Amino acid sequence: MTIPVRQLKSHSGETVTVRGWLANKRRSGKIGFLQIRDGSGVVQTVISRADVSEEAWEEVKRATQESTVRVTGIARVDERAPGGVEIQATDFVVRSLTEDYPITKKEHGTAFLMEHRHLWLRSSRQRAALAVRSEVCQAIRDFYYERNFTLIDSPILTPTSCEGTSTLFATDYFGEQAYLSQSGQLYLEPACAAFGKVYCMGPTFRAEKSKTRRHLMEFWMVEPEVAFLDFEGAVRLAEEFVGYLAGRVLDRCADQLAVLERDVSKIEKVTGSFPRITYREAIEILQKEGKEIAFGDDFGGEDETILANAFDQPVFVTHFPVDMKAFYMQPDPEDSELSLAMDLLAPEGYGEIIGGSQRIHDHDLLLERLQQHELPIEPFQWYLDVRKYGSFPHSGFGMGIERFAAWMCGLGHLRETIPYPRMLYKIYP
RNA sequence: UCCUCGGUAGCUCAAUGGUAGAGCAAUCGGCUGUUAACCGAUUGGUUGGGGGUUCAAGUCCCUCCCGAGGAGCCA
């Protein structure tokens, strides 16, 4: 009977068949140790020449790294085996022989591995990171499902820029210019009036020529948007959300975090409420650290790291100057020069993982802001309609899934947290 | 777009301006408990492309291409 490697421990003593790919082989004249990966896990198979036919032993000699193989034998618990269970083989066959597999057991540079991303996916660290990503995505779905949010997928092909600033990927739309979406938020706001609590999760595109470990041209973002939720509510939702996701990763990805050699104590600190500082306080902290930064300046990557390192937990920075942020953000009722905006900075230098705000619900103020930003009114008419027909206060935020996953995994670069990263000038494979 | 560093065997890297090398991989042989197994042997090169300086260039100069890191911008 074919058994997934993951379930082998519960079949100890039984004769089982495993099929998969040969991850590694060590062989002497009379005994072989084969690490076989089947997608659910990796198991060591022990083959003694005396126990198998001459044909099967020839197959052991012939088998190369990443050949497709099938082994039959007795599963047994043995502490000498990686993973604690192994198969004592009675038969072994190569189903498809691999020759000249590019990724060897020794070290490779990232550039080489990225050229072979389709094969690199098979390696243990990559499988661990992508499994964490998968768990994060599932946890996101569960979080919003359990709280009665409705999934509203926003369009990827859009007629205009959402915020008017970022560089977009342009494409031809039957003779008209269309752009790949850089945010689903504007399309979520009308849906709030239909469903109250909504979210979207999908790919987002930025054509900026960024070339750093914190950037991808194509990345995934989850964006909740809630009717009648004020700024304080949005901060609390973000806090609860991040805490929930971190808890899920700790609960269900212990094996992956071990492979990634992640210091889980850093993630275990992510509980309860997160510290909050205002933008003004953040500037003061940076100035005390000797940074030359003034009120009104944006944070650089180094600034974010300084701020984040001042706390164990993720830290909210709130109340940014109005003209630093997007046109739709609600001004602070106590100081109209500030907006009810927040960024959440992850610890350990992982940077901004969440950005959000309360949205302007007053029609005339939003119109004024569009004009101030020199944005055309006509393409945003539908967006203004949200404020025209039964306006309501509402708030939301967006979280970058790769940045969150990179933080959980302790990876220095976003590219390993997405199966096929799209980076500056790099779109292969 | 700008700044910095880099490109030598399939991979990771050495090589004062003076004969292009090692480890791993591959191939062959040996080894009954290996953990990136180990041991021996063999194979493997238009030194990213083009131009220049020089008796002589992997090495110095110019230029282009490609890669890595960072800045700006952002999630």
Side-chain angles (χ1 to χ4, degrees), chain A residues 23-35 42 44-51 57 60-62 64-66 78-84 86 88 98-116 119 123-125 162-163 165-168 182-185 201 203-223 238 297-305 324-326 342-346 350-356 397-407 412-415 417-418 423-426 428:
Chain A
N24 199 4
K25 177 174 85 171
R26 288 178 286 274
R27 180 177 69 84
S28 70
K30 291 176 182 168
I31 189 168
F33 300 92
L34 283 63
Q35 316 298 327
V42 180
Q44 171 162 286
T45 294
V46 185
I47 302 188
S48 291
R49 188 172 188 176
D51 293 352
W57 185 252
V60 170
K61 284 163 71 176
R62 185 170 81 101
T64 53
Q65 188 192 355
E66 290 304 325
D78 189 317
E79 62 183 23
R80 289 173 296 184
E86 65 182 17
Q88 182 72 44
T98 287
E99 292 180 272
D100 301 323
Y101 188 68
I103 299 177
T104 64
K105 290 181 280 187
K106 284 282 180 172
E107 50 198 306
H108 298 282
T110 312
F112 175 83
L113 290 166
M114 271 300 167
E115 276 293 302
H116 299 84
L119 303 176
S123 67
S124 59
R125 283 180 62 86
C162 283
E163 302 181 9
T165 50
S166 296
T167 317
L168 304 180
Q182 58 155 348
S183 165
Q185 179 211 317
M201 184 159 92
T204 301
F205 306 88
R206 303 279 166 91
E208 269 145 13
K209 294 188 175 175
S210 297
K211 188 177 163 58
T212 81
R213 65 183 74 201
R214 289 200 286 263
H215 290 90
L216 296 169
M217 302 298 110
E218 178 181 314
F219 65 98
W220 281 61
M221 190 153 67
V222 52
E223 296 171 274
D297 292 343
D298 233 321
F299 304 134
E302 193 189 351
D303 300 324
E304 284 184 354
T305 303
M324 275 179 62
K325 289 288 180 179
M342 53 129 155
D343 285 355
L344 182 65
L345 304 181
Y350 285 94
E352 185 186 340
I353 52 171
I354 279 181
F397 59 84
M399 187 187 83
I401 289 171
E402 290 77 16
R403 282 193 184 174
F404 184 84
W407 170 39
H413 203 302
L414 293 192
R415 64 191 160 201
T417 63
I418 187 167
M423 294 179 293
L424 190 59
Y425 307 129
K426 281 170 68 77
Y428 177 91

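Predicted model only: the values in this text are computed from it and were never measured. So that the names make sense, note that chain A is the first sequence line, chain B the second, and so on, each numbered from 1.
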Note to self: Classify the ring geometry of A:His116 against A:Phe112: parallel below 30°, tilted from 30° to 60°, perpendicular beyond 60°.
What the structure shows: tilted
Side chain to side chain, [X] and [Y], heavy atoms closer than 4.5 Å:
X: A:Phe33; Y: A:Val46; value: yes
X: A:Arg415; Y: A:Thr110; value: yes
X: A:Leu414; Y: A:His215; value: no

For [N], give its Watson-Crick or G-U wobble partner with both distances under 3.5 Å, or none.
N: B:rU34; result: none
N: B:rA41; result: B:rU27
N: B:rG6; result: B:rC66
N: B:rA22; result: B:rU12
N: B:rA71; result: B:rU1

Quote, to the nearest angstrom, the [atom1] distance that separates [N] from [M].
N: B:rC24; M: B:rA36; atom1: P; result: 15 Å
N: B:rA15; M: B:rA25; atom1: P; result: 24 Å
N: B:rG45; M: B:rG40; atom1: P; result: 24 Å
N: B:rC39; M: B:rG48; atom1: C1'; result: 37 Å
N: B:rU4; M: B:rC61; atom1: P; result: 14 Å
N: B:rC55; M: B:rC60; atom1: C1'; result: 16 Å
N: B:rA9; M: B:rC5; atom1: P; result: 23 Å
N: B:rU53; M: B:rA57; atom1: C1'; result: 10 Å

With a 3.5 Å cut-off and heavy atoms only, can you find an N or O donor on one side and an acceptor on the other between the side chain of [X] and the base of [N]?
X: A:Arg403; N: B:rC74; value: yes
X: A:Ser210; N: B:rC73; value: yes
X: A:Glu115; N: B:rG67; value: no
X: A:His215; N: B:rC74; value: yes

For [X] and [N], is the shortest distance between a side-chain N/O and OP1 or OP2 below 4.0 Å?
X: A:Tyr425; N: B:rU1; value: yes
X: A:His116; N: B:rG10; value: no
X: A:Arg415; N: B:rG69; value: yes
X: A:Lys211; N: B:rA71; value: no

Give [X] one of three labels, base, sugar-phosphate or nothing, depending on what nucleic acid heavy atoms sit under 4.0 Å from its own.
X: A:Leu216; answer: base
X: A:Lys426; answer: sugar-phosphate
X: A:Thr104; answer: sugar-phosphate
X: A:Asp298; answer: sugar-phosphate

Item checked: Most 5' of A:Gly301 and A:Leu424 on RNA chain B, judged by nearest nucleotide -> A:Leu424
Next item on the list: Select from A:Phe112 and A:Asp78 the residue whose nearest nucleotide in RNA chain B is closer to the 5' end of that strand.
Entry: A:Phe112
Note to self: So is the aromatic ring of A:Phe219 stacked onto the base of B:rA75, judging by whether the centres are under 5.5 Å apart and the planes are under 30° apart?
What the structure shows: yes
Checklist line | Test log, rule side-chain contact (heavy atoms from CB on, under 4.5 Å), inputs A:Arg206 and A:Phe219 | finding: CA-CA 8 Å; A:Arg206 303 279 166 91; A:Phe219 65 98; 3.7 Å; yes
Check: Going through the checks in order, is the side-chain contact (heavy atoms from CB on, under 4.5 Å) test met by A:Gln44 and A:Arg26?
Finding: CA-CA 10 Å; A:Gln44 171 162 286; A:Arg26 288 178 286 274; 3.9 Å; yes
